[in-house]
Amino acid sequence: MEEIVIAGIAGRLPESDNLQEFWDNLIQGVDLVTEDDRRWKPGLYGLPARNGKLKEINKFDASFFGVHPKQAHTMDPQLRLLLEVSYEAIVDGGINPSDLRGTKTGVWVGVSGSEAGEAFSRDPEELLGYSMTGCQRAMFANRISYFFDFKGPSLAIDTACSSSLLALENAYKAIYHGQCDAAIVGGVNLLLKPNTSVQFMKLGMLSPDGTCKSFDASGNGYCRSEAACAVLVTKKSMAKRVYATILNAGSNTDGYKEQGVTFPSGEVQQQLLNSLYKEAGIPTNEVEYVEAHGTGTKVILSLEHGVWAPNLHYKNPNPDIPALQDGRIQVVSKPIPVKGGIVGINSFGFGGSNVHVILRPNKKKLSSTESSLPLPRLVQVCGRTQEAVEALIEKSRNLASDASLVNLLNSISGIPPSAMPYRGYTLVGTESDVKEIQQSQTTGRPLWNGDTMERDGP
């Protein structure tokens, strides 16, 4: 069976417009949870004053994604963000989205609700129908398949907190069993109204001070936050870059528990992990790092940069976790180097849906041409605006020694002019500052017909 890899990734996270900005914040130990009124007044209804929020959710290039203005105005911002990060994840993988049109590419999206849909449907007399096609969770996946013309499975998944990792597990198995050759896997959450947060607070799940203190003795709940992320998953032969290889993935459910539906079952979670590592033939002592409850975005960035990003707010180990007390496991509280071992990712829904994914890091090896002085290379770029092309040319010059980046940029330079009307080129690895940027024609160029010229000419 051909290996299945994560070949592209993109996202928006609190105070971070892209994953590079998110990584910079992570590695510098910046607390991205803030107290402000971007969503509602801090402390409203007794809610924690702090939560994590995206910088911007009110802009959308509707014409680029072929969305009618009336639809765009009643489209859930979560779906708008998913369209953007899905496109970016494909391009991040060095693949021209046009090359995937008509292919057996699937879409799996983890999403638990649409607060925008509730708001748009409040008054039946004002309904136009667009809020249904713009806010129904099925459309979060189906709209992506529609825009890119993907022919593979397309569905939204809701298992609460484990939704997006279960989406990844489903996509992995679909590729493994031949249902599709590639997949976009997305996850999104926006805090548009306080109602959902109030319900979590009433259940006693939120930290009163809006602070996640994982593994710490002072842990008192979790903090809600926003994000929109997507990954491109493909067979290895199709990938132009590899972040990590998926070795195995699986899920199970707690079933009945005397304590109640939201009470986690450590025993059932343990059964899942044991079965997956046994199935993959991986001794558990080869596991270097486990994300105890998350979606994998921090993990992928850490593997790419070769450093495990630190947890915030970990001061004193929780006395109820023996492995922390006796040193069998260590919480990453400061940046430490990645050694290259196996990585496990957990995610648990509050209704009992458990998911685990096993990753093998990509072992990067610099070629002789990359490790020596860079050779002059032609870089071709395209963009929606002249400023975008300028920025990409500047980035290519700053990273001229990275031949793989240059190759990826050249791979996506042929996106149709109707989507990316600006074209440019430069030479990197040389002292020359040659570059040119032009706006290309979006219509076909006229062809010269020699027969006509001969007949109609003087």
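Nothing fancy with the numbering, it's 1 onward along the sequence.
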Inset, instruction - For S214 and D216, test the side chains for any donor-to-acceptor distance below 3.5 angstrom and give the result as yes or no. - result: no
Legend entry - Check: Y422 main-chain N/O paired with S440 side-chain donor or acceptor under 3.5 Å: no
Inset, instruction - Determine whether more than 12 heavy atoms belonging to other residues, nucleotides or ligands lie under 6.0 Å from atom CD of Q438. - result: no
Legend entry - Carboxylate-amine/guanidinium contact R39 E115, below 4.0 Å: no
Inset, instruction - Specify whether Y176 and Y172 have parallel, tilted or perpendicular ring planes, treating 30° as the upper limit for parallel and 60° as the lower limit for perpendicular. - result: tilted
Legend entry - Heavy-atom neighbours of M238 CE exceed 12 at 6.0 Å: yes
Legend entry - Heavy-atom closest contact (D92 atom, I9 atom, distance): OD2-N, 3.0 Å
Legend entry - Heavy-atom donor-acceptor pair, D181 side chain to K235 backbone, under 3.5 Å: no
Inset, instruction - Would you check if there is a donor-acceptor pair between the side chains of E288 and W308 at a distance under 3.5 Å? - result: yes
Inset, instruction - Apply salt bridge (Lys or Arg N to Asp or Glu O under 4.0 Å) to K70 and list each qualifying residue two or more places apart in sequence or on a separate chain. - result: none
Inset, instruction - Scan side-chain atoms only and decide if T133 and Q71 contain a donor-acceptor pair under the 3.5 Å cut-off. - result: yes
Legend entry - Which atom of L359 lies closest to which atom of I300, heavy atoms considered: CD1-CD1, 3.9 Å
Legend entry - SB check E84 R80 (cutoff 4.0 Å): no
Legend entry - Modelled atom types, side-chain donor and acceptor of N346 and Q269, under 3.5 Å: no
Legend entry - Electrostatic pair R50:D209 at N-O distance under 4.0 angstrom: no
Inset, instruction - Ignoring hydrogens and angles, state whether a donor on the side chain of K213 or S207 is under 3.5 Å from an acceptor on the partner side chain. - result: no
Legend entry - Heavy-atom closest pair, residues S347 and L165: CB-CD2, 3.5 Å
Inset, instruction - Might you confirm whether atom CD of Q330 has over 12 heavy atoms from other residues, nucleotides or ligands at distances under 6.0 Å? - result: no
Legend entry - Heavy-atom side-chain contact between K151 and T105 under 4.5 Å: no
Inset, instruction - Mark yes when over 12 heavy atoms from residues, nucleotides or ligands other than H313 sit less than 6.0 Å from its NE2; otherwise mark no. - result: yes
Legend entry - Where I393 and Y425 come nearest, the two heavy atoms and their spacing: CD1-O, 4.0 Å
Legend entry - S237 backbone acceptor or donor facing E2 side chain under 3.5 Å: yes
Legend entry - Min side-chain heavy-atom separation M420-I412 under 4.5 Å: no
Inset, instruction - Check step by step if salt bridge (Lys or Arg N to Asp or Glu O under 4.0 Å) holds for E21 and K55. - result: CA-CA 12 Å; E21 185 177 6; K55 285 184 179 179; 2.6 Å; yes
Inset, instruction - Please step through side chain to side chain contact (heavy atoms under 4.5 Å, CB included) for the pair T159 and V355, ending with a clear verdict. - result: CA-CA 10 Å; T159 56; V355 189; 5.5 Å; no
Inset, instruction - Verify whether the ring centers belonging to F350 and F200 lie closer than 6.0 Å. - result: yes
Inset, instruction - Flag the pair R101 and D99 as a salt bridge only when some basic side-chain nitrogen lies within less than 4.0 angstrom of an acidic carboxylate oxygen. - result: no
Legend entry - Where A309 and S302 come nearest, the two heavy atoms and their spacing: N-OG, 3.2 Å
Inset, instruction - State plainly whether the residues E394 and K435 are in salt-bridge range, i.e. N to O under 4.0 Å. - result: no
Inset, instruction - Consider only side-chain N and O atoms of N25 and S16, and report whether a donor and an acceptor are under 3.5 Å apart. - result: yes
Inset, instruction - State yes or no: are the ring centers of Y277 and H356 separated by less than 6.0 Å? - result: yes
Inset, instruction - Assess the side chains of Q20 and D24: does a donor N or O sit below 3.5 Å from an acceptor N or O? - result: yes
